[in-house]
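A note on names: the letters A, B, ... follow the listed sequences, proteins ahead of strands, and every chain is numbered from 1.
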Protein chains: 2
Amino acid sequence: MTVSKTAEKSSGKSADPAKGRKDATEVQSEALQLGELSEQLGYVLKRAQLKVFENFLRCMASLQLTPAQFSVLLLVEKNPGRNQTEIASTLGILRPNFVAMLDNLESRDLCARIRSTNDRRSHILVLTDKGKAVLARAKKLVATKHEARLNELLGQANREALLAMLSKIASEF
Amino acid sequence: MTVSKTAEKSSGKSADPAKGRKDATEVQSEALQLGELSEQLGYVLKRAQLKVFENFLRCMASLQLTPAQFSVLLLVEKNPGRNQTEIASTLGILRPNFVAMLDNLESRDLCARIRSTNDRRSHILVLTDKGKAVLARAKKLVATKHEARLNELLGQANREALLAMLSKIASEF
DNA sequence: GATATTTGATATGGTCTATAACAATTATCA
DNA sequence: TGATAATTGTTATAGACCATATCAAATATC
């Protein structure tokens with residue numbers, strides 16, 4: 001330990017951290033400087049991702065779909081007749097962790113596991129009629145409430161450029 | 001359940017999922033179609049974030065610093081004399097979860113808690129000399145191995161545009 | 001000076017992620 | 001063919017991360 005243990009005063013101000021509810025005679029503790037942090041791609045990327053997921057969950061509150069569940073429904077709809085391993089692996093979900101997820105979707109009658117006749121080890125995944133209906137409503141919510149918000153924040157062109165760069169990072173980094 | 005339980009054949013092909021190591025007479029199972037998934041900002045954002053963190057950890061392997069730990073060191077260096085609550089909250093870390101994190105950094109002699117003389121409840125955070133040295137090396141690694149990789153993938157201008165858009169999302173979404 | 005608030009800390013639970021292992025089934029190949 | 005290896009879905013389990021309630025010590029408030 002190379003640091004003196006006798007503390008200098010933290011600052012001349014009061015102990016109130018960052019809420020600014022002292023009266024006007026007190027200089028409220030100024031906000032912290034992010035410094036190089038705001039230039040760190042990983043940091044900003046993570047914060048943005050949390051905000052986007054948060055907004056997604058709010059938009060989907062009526063359907064009770066998480067981003068991960070939505071991605072499963074989308075992928076199963078686009079690729080009917082695939083088994084759990086295939087769906088899970090393309091989503092980056094490990095097979096063991098995919099089981100509980102499917103249990104959930106199946107218990108809500110959104111998708112179904114069907115024992116394959118080709119390979120009786122595997123379960124073919126399909127959307128139920130209810131699953132298709134829910135997914136259709138989910139897509140509309142995402143388009144009108146979620147992605148629309150993005151467009152009005154960034155503009156259509158910027159939003160597409162952002163998507164392209166993120167895709168490049170996701171696939172080539 | 002509105003789906004017939006008698007499975008149709010998953011496809012005409014073999015059971016080999018996506019690895020393509022059957023011989024040439026077999027049509028290997030084609031890759032799944034991502035479809036609308038590749039247009040979902042949240043999905044691409046999450047995948048990109050995972051890749052970036054993964055690369056960060058590889059670049060920092062010699063220093064054993066996670067992105068979160070790096071952000072703490074950066075913030076403490078930039079804001080000496082702040083207490084745990086202030087540092088944690090600006091990083092979006094809850095106070096209870098920040099304790100173990102600091103225990104780790106302090107046990108490695110990278111930062112130190114100093115009891116404040118102003119407010120004897122709070123712990124002032126500072127970097128030790130070793131912490132400053134390690135952070136300096138970490139910054140170099142990030143700049144030369146991590147961010148440099150981003151620049152060569154996207155180009156300087158695009159990288160800055162990406163950062164700007166992500167910052168906007170993180171703060172205004 | 002009595003009450004409320006703040007700080008760091010502990011305990012705890014939930015979710016997400018990662019690995020090992022198992023039974024049933026299928027593939028491989030001697 | 002039949003013995004062995006590999007695959008599929010599953011369970012169990014452990015770790016990381018995140019969130020809430022609660023506590024003692026210290027401080028603020030009135």
Side-chain angles (χ1 to χ4, degrees), chain A residues 7 9-10 13-23 25-26 28-29 46-47 49-50 53-54 57 66-69 71-72 82-89 91-106 111-125, chain B residues 7 10 13-23 25-26 28-29 46-47 49-50 53-54 57 64 66-69 71-72 82-89 91-106 111-125:
Chain A
K9 303 169 58 186
S10 91
K13 326 304 180 315
S14 93
D16 194 17
K19 298 185 179 176
R21 69 172 116 84
K22 303 298 281 293
D23 59 345
T25 63
E26 283 275 0
Q28 75 184 49
S29 195
K46 178 76 179 181
R47 302 296 284 238
Q49 183 259 313
L50 290 176
F53 269 40
E54 195 180 300
L57 286 173
T66 67
Q69 290 168 337
S71 70
V72 170
R82 299 301 190 128
N83 65 25
Q84 295 184 199
T85 298
E86 292 171 309
I87 298 293
S89 74
L91 288 176
I93 303 173
L94 294 173
R95 269 83 49 148
N97 299 331
F98 196 47
V99 174
M101 211 172 153
L102 271 186
D103 288 346
N104 181 347
L105 294 177
E106 202 173 22
C111 80
R113 300 182 236 223
I114 305 179
R115 186 125 253 149
S116 167
T117 53
N118 287 343
D119 185 342
R120 298 188 45 251
R121 290 170 298 186
S122 61
H123 289 165
I124 298 302
L125 297 183
Chain B
S10 94
K13 325 306 182 314
S14 93
D16 194 16
K19 298 184 178 176
R21 68 171 116 84
K22 304 297 282 294
D23 57 344
T25 63
E26 283 275 2
Q28 76 184 49
S29 196
K46 178 76 180 181
R47 301 296 285 238
Q49 184 258 313
L50 289 176
F53 270 41
E54 195 179 301
L57 286 173
Q64 288 283 77
T66 67
Q69 291 168 337
S71 71
V72 171
R82 299 301 191 127
N83 64 26
Q84 295 184 199
T85 297
E86 291 171 310
I87 297 293
S89 75
L91 289 176
I93 303 174
L94 294 173
R95 269 80 51 144
N97 299 329
F98 196 48
V99 174
M101 211 173 154
L102 271 186
D103 288 346
N104 180 348
L105 293 177
E106 202 173 22
C111 81
R113 299 182 236 224
I114 304 181
R115 188 124 252 150
S116 167
T117 54
N118 287 344
D119 185 342
R120 298 189 43 250
R121 291 170 297 187
S122 61
H123 289 166
I124 297 304
L125 298 184

Practice problem: May I ask you to list the residues of residues 91-101 of chain A, by number, that have any heavy atom positioned under 4.0 Å from an atom of DNA chain C? | Solution: A:L94, A:P96, A:N97
Quiz item: If you round to the nearest 0.5 Å, how far is CD of B:Q49 from CD of B:E54?
Solution: 10.5 Å
Quiz item: Got a second to check how far A:H123's NE2 is from A:C111's SG, nearest 0.5 Å?
Solution: 12.0 Å
Exercise. Would you mind reporting whether B:E86 and B:N83 have side-chain heavy atoms less than 4.5 Å apart?
Key: yes
Quiz item: So do A:T66 and A:S71 actually touch side chain to side chain, heavy atoms under 4.5 Å?
Solution: no
Practice problem: Mind listing the closest non-hydrogen atom pair of B:R82 and B:I87 along with its distance? | Solution: CB-CD1, 4.0 Å
Quiz item: Using rotation axes that map the C1' atoms of four end pairs onto the next four (five pairs an end), what angle separates the end axes of the helix from C:dG1-D:dC30 to C:dA30-D:dT1, to 10°?
Solution: 20°
How long is the line joining [atom1] of [X] and [atom2] of [N], in whole Å?
X: B:R120; N: D:dA28; atom1: CZ; atom2: P; value: 12 Å
X: A:D119; N: D:dT7; atom1: CG; atom2: C1'; value: 8 Å
X: B:N118; N: D:dA28; atom1: CG; atom2: C1'; value: 14 Å
X: B:R82; N: C:dT7; atom1: CZ; atom2: P; value: 12 Å
X: A:R115; N: D:dT7; atom1: CZ; atom2: C1'; value: 13 Å
X: A:L102; N: D:dG9; atom1: CG; atom2: P; value: 9 Å
X: A:E106; N: D:dG9; atom1: CD; atom2: P; value: 12 Å
X: B:D103; N: C:dA9; atom1: CG; atom2: C1'; value: 9 Å

Quiz item: Counting only side-chain N and O atoms of A:R121, is one of them less than 4.0 Å from OP1 or OP2 of C:dT26?
Solution: no
Practice problem: Output yes when at least one side-chain N/O atom of B:R113 is less than 4.0 Å from OP1 or OP2 of C:dA9, else no. | Solution: yes
Quiz item: Can you list the residues that meet the side chain to side chain contact (heavy atoms under 4.5 Å, CB included) rule with B:L50, with sequence neighbours excluded?
Solution: B:K46
Quiz item: Who pairs with B:D103 by side chain to side chain donor-acceptor pair (under 3.5 Å), at least two apart in sequence or on another chain?
Solution: B:R113
Practice problem: For B:R95 and B:T85, indicate whether the former's side chain and the latter's backbone hold a donor-acceptor pair under 3.5 Å. | Solution: no
Exercise. Would you please test B:L102 and B:L125 for side-chain contact (heavy atoms from CB on, under 4.5 Å) and show each step?
Key: CA-CA 9 Å; B:L102 271 186; B:L125 298 184; 3.7 Å; yes
Self-check item: Minimum-distance nucleotide (side-chain atoms of A:Q84 versus D:dT8, D:dA26, D:dT10)
Solution: D:dT10
Self-check item: Given D:dT27, C:dT7, D:dG9, the nucleotide with the shortest approach to the side chain of A:S122
Solution: D:dG9
For nucleotides 3-5 of chain D, print each protein N/O atom paired with a nucleotide N/O atom at under 3.5 Å, atom names and distance only.
none

Just the atom pairs and distances: protein N or O near nucleotides 13-16 of chain C's N or O, under 3.5 Å.
none

